[in-house]
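Have a look at the structure below before the remarks.
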Amino acid sequence: MYKLAQYQESAAYLRERLEGFAPETLLILGSGLGFLAEEIINPIRVSYSNIPHMRASTAPGHAGCFVAGVFEGKNVLAMQGRLHLYEGYAPEETAFPVRVAHLIGVSKLLLTCACGGVNMDYKVGDLVLMTDYINFTHPGLLAGYAGNSFDLTGFEHRFFDMGQAFDMEYRSLSREIAAQIKIPLREGVYFYMTGPQYETPAEIRAIRILGGDLVGMSAVHETLMARRCGMRVAGFGLVTNMAAGVLDQPLSEEEVLTEAKNAAPRFSALVRGVVRGM
Ligand code: HPA
């Protein structure tokens, strides 16, 4: 388990590298979506491997780099690639950068991820606004973060409300932006699975019964850590494939990355609009 001093050391290093630049929004860019970080103005790049105590990114399509700079007039810190449980990392390791970002003053999180479509009304290429998530897979990320001993900013509490994992105002804003730029935006519940294998058709049927619309291998620990730190979160999934058993074809990593590329212009327009209004 990380010690408070380790978060502080990482935050101090990142703050120094940013030379006075103060990001307010963290962007976590999932599989094949890291291209958005290339559109940041006056970028300062910091590789994850240089941040004390932070783990490296090993997944395909995840560059493993923080990019800080101006995006749509806002000071952002983008994560070009994230950390996953299936890379062998503990939940707290995957969520580590979120608390570090919080310690350097970030108060908002926008995350994106590639997902399988569980809801039969979805189709490949759909952008989905996350309205909530379900995580039945793992012992608590926050177990052991006793009381308020990690609370440096006055936000962190052991028992806290998760009624709005994904912020209500950000959800309204996202609907407005999607309508303005005329792109269809679906809504749904993200169901977390640890991976790295894709699910079985029986798992997907069970997820559908349990209320999942999307399935993916990230997002929840980041969201949970952000909420613990009092950050407001917006989450977007891209349906890169229909989930196992929906179509009569095997799932593959290539399909996920190809669809992410195809959706790039729409995804970029949506994220830009939402970041501007957050
Ligand atoms: N399942 C889990 N994670 C995913 C999928 C999927 O079908 N597609 C992209 N990420």
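Source: prediction; values computed, not measured. Order of listing sets the numbers, starting from 1, for every ligand and every atom in it.
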Under-4.0 Å heavy-atom contact with ligand 1, by part of C115 that carries it =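 Under 4.0 Å from ligand 1, C115 contributes backbone atoms alone.
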At a 4.0 Å threshold, what atoms of ligand 1 neighbour a non-hydrogen atom of [X]?
X: T240; result: 8 (N), 9 (C)
X: E199; result: 1 (N), 2 (C), 6 (C), 7 (O)
X: G116; result: 4 (C), 5 (C), 6 (C), 7 (O), 8 (N), 9 (C)
X: N241; result: 5 (C), 6 (C), 7 (O), 8 (N), 9 (C)
X: A114; result: 9 (C), 10 (N)

Correct closest heavy-atom pair for L26 and V106 would be N-CG1, 3.5 Å
Sub-4.0 Å heavy-atom approach of M193 to ligand 1 =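 No.
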Aromatic rings F96 and Y7: how do their planes relate, parallel, tilted or perpendicular, breaks at 30° and 60°?
-> parallel
Charged N-O contact under 4.0 Å between R55 and E87 =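 Here R55 does not pair with E87 in a salt bridge, since their nearest N and O are not under 4.0 Å apart.
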In terms of side-chain geometry, is the basic nitrogen of R171 or E187 positioned less than 4.0 Å from the acidic oxygen of its partner?
->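 No, R171 and E187 are not salt-bridged.
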Which protein non-hydrogen atom lies closest to atom 3 (N) of ligand 1, naming both residue and atom, and how far is it?
-> G216 CA, 3.4 Å
State whether the number of non-hydrogen atoms from other residues, nucleotides or ligands found under 6.0 Å of Q249 atom CD is greater than 12.
->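 Counting other residues, nucleotides and ligands, CD of Q249 exceeds 12 neighbours.
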Give, for atom CG of L129 and atom OH of Y190, the distance between the pair rounded to the nearest 0.5 Å.
->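 Nearest 0.5 Å value for the CG-OH distance: 14.5 Å.
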